[in-house]
Amino acid sequence: KEIIEMENQNINDIYSTNRIGLHEVNSLIDENVLNALNLTELNELKEINIYTDGKNNLECDDVLKYLKKLESNSTDLIIADPPYFEVYGEFDFGKFKNEKEYVQWCKKWLKECKRILKDTGTIILWGSLGKRQITFARLAIMIEDENLFIRQNWITQRNCRGIGSTKNYMSTREDILFLTKSNNYTFNIPYMEEKSNRKDFGANGKPRKNTHKRVSNVWFDITEASQSSIERCEHPTVKAQKLCDRLIQTHSNENDIIVIPFVGSGSEFISAIKNNRIVQGCDNQKKYINLSIERIYKFTGVKFHAICSN
């Protein structure tokens, strides 16, 4: 009854029109009421596309529509792992006619990312290069030409498994663009698990204090989620939790707000929750939203509840 009354107050219109954070809408909803209704009853009441644990939020929606709802200058970190043009078959490139159309689509949602990002914020953009299309390079050039973000670095992640060929090198790389809105941003120096044996002085002429090796822009110490890993799931591009942990711990602080525009398997959500960040995001496929909710509960014990939505 309380949820129906709140629907009459047009909660969803308030959320969309005023671009308030979804956590503010959540404060209007009694968690006990959500617990009292099961998923079937809520589906009968109205189509469900928003889920929450009372602090963090998942939404099933088109990425552009979703980002337009978010408040300007509200986000500390964005981790975007969009479809890679012509890399993973129908999962990624079925909707794009060519590279130009793909890059233009990316330009639209990246502009919204810039709008919601704080001046001190960072965006991490995943991509891939190799024998196939060099779309990620074209995307990087577009970002600089359009002055969307400042490129702080280009990181290469080395995977163990790859795409083989009898007439070419194995393709085992994924790439990350480290982008910021300004030169004032969060960066917590990351270290590898491997200990450092260096006894020389640092760049400041003083003895080195770090006991472990610093992370460079070529990542070889963390591999992808292997086929035998408990992290593997039905999603074709699941990211290893250690990778997500490194990105979130390096580029944000506790209680920072993180946005994941392409939730996928939910790995970034799992890491954000474990590292005490506030996280929200979307995916346009309901099956991956459901998969993320299952995996979040499996790895963190956090339950997400459904909220009715227009």
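Please read these numbers as outputs of a predicted model, since none were measured by experiment.
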D221 and R158: CA distance, side-chain angles, deciding distance, salt bridge (charged side-chain N to carboxylate O under 4.0 Å, His left out) verdict = CA-CA 8 Å; D221 59 319; R158 187 199 70 181; over 6 Å; no

Test Q280 against every option in N56, I260, T52, I257 by the side-chain contact (heavy atoms from CB on, under 4.5 Å) rule and name the one that passes.
-> I257

Going by the angle between their ring planes, with limits at 30° and 60°, are F187 and Y185 parallel, tilted or perpendicular?
-> perpendicular

Okay, side chain of R115, backbone of L70: is any donor-acceptor separation there less than 3.5 Å?
-> yes

So, does S292 use its side chain to make a donor-acceptor pair with the main chain of G264 at under 3.5 Å?
-> yes

Hey, does the side chain of Q241 reach the backbone of S267 with a donor-acceptor pair shorter than 3.5 angstrom?
-> yes

Answer yes when E254 and R277 have at least one side-chain N-carboxylate O distance shorter than 4.0 Å, and no when they do not.
-> no

Does the distance from a Lys or Arg side-chain N to an Asp or Glu carboxylate O, for K239 and D81, drop under 4.0 Å?
-> yes

Do N153 and N217 have side-chain N/O donor and acceptor atoms under 3.5 Å apart?
-> yes

Report, as yes or no, whether the 6.0 Å neighbourhood of atom OH on Y297 holds more than 12 heavy atoms from other residues, nucleotides or ligands.
-> no

Do NZ/NE/NH1/NH2 and the carboxylate oxygens of D145 and K107 come within less than 4.0 Å?
-> no

Using a strict 4.0 Å threshold on nitrogen-to-oxygen distance, state whether E193 and K213 make a salt bridge.
-> no

Check the pair E144 / F149 against side chain to side chain contact (heavy atoms under 4.5 Å, CB included), numbers first and verdict last.
-> CA-CA 7 Å; E144 293 201 359; F149 299 102; over 6 Å; no

Do N276 and N255 touch side chain to side chain, with heavy atoms closer than 4.5 Å?
-> yes

Is it true that L243 and Y191 fall in one hydrophobic cluster, defined by side-chain heavy atoms closer than 4.5 Å?
-> yes

Heavy atoms, side chains only, cut-off 4.5 Å: are L110 and I123 in contact?
-> yes

No-hydrogen, no-angle side-chain donor-acceptor test under 3.5 Å, N73 and K181 | yes

Is a side-chain donor-acceptor pair under 3.5 Å present for S252 with D76?
-> no

Single-linkage hydrophobic cluster V215~V218, side-chain heavy atoms < 4.5 angstrom = no

In short, L67 meets C113 closest at the heavy-atom pair CD1-SG, 4.0 Å

Report yes or no: do N49 and E59 form a side-chain donor-acceptor pair below 3.5 Å?
-> no

R295 side-chain N/O to S265 backbone N/O, donor-acceptor pair under 3.5 Å | yes

Quick one: does Q152's side chain have a donor or acceptor within less than 3.5 Å of a partner on N183's backbone?
-> no

Compute the centroid of each ring, for Y66 and then for W109, and state whether the two points are separated by less than 6.0 Å.
-> no

Any side-chain heavy-atom pair from I79 and L247 closer than 4.5 angstrom?
-> yes

Looking at F304 and D53, what are the two nearest heavy atoms and their distance?
-> CD2-N, 3.8 Å

L125 versus F136, closest heavy-atom pair with distance = O-CZ, 3.5 Å

Working to the nearest 0.5 Å, report the span between SG of C282 and CD1 of I289.
-> 7.0 Å

Hey, are S128 and E174 close enough side-chain-wise for a donor-acceptor pair under 3.5 Å?
-> no

4.5 Å side-chain heavy-atom contact, T186 and H251 = no

Is it true that the side chains of D119 and N184 contain a donor and an acceptor less than 3.5 Å apart?
-> no

Are the side chain of T75 and the backbone N or O of L117 linked by a donor-acceptor pair below 3.5 Å?
-> no

Just by distance, do the side chain of S74 and the backbone of E71 share a donor-acceptor pair under 3.5 Å?
-> yes

Give a yes or no answer on whether the side chain of D256 reaches the backbone of N253 with a donor-acceptor pair at less than 3.5 Å.
-> yes

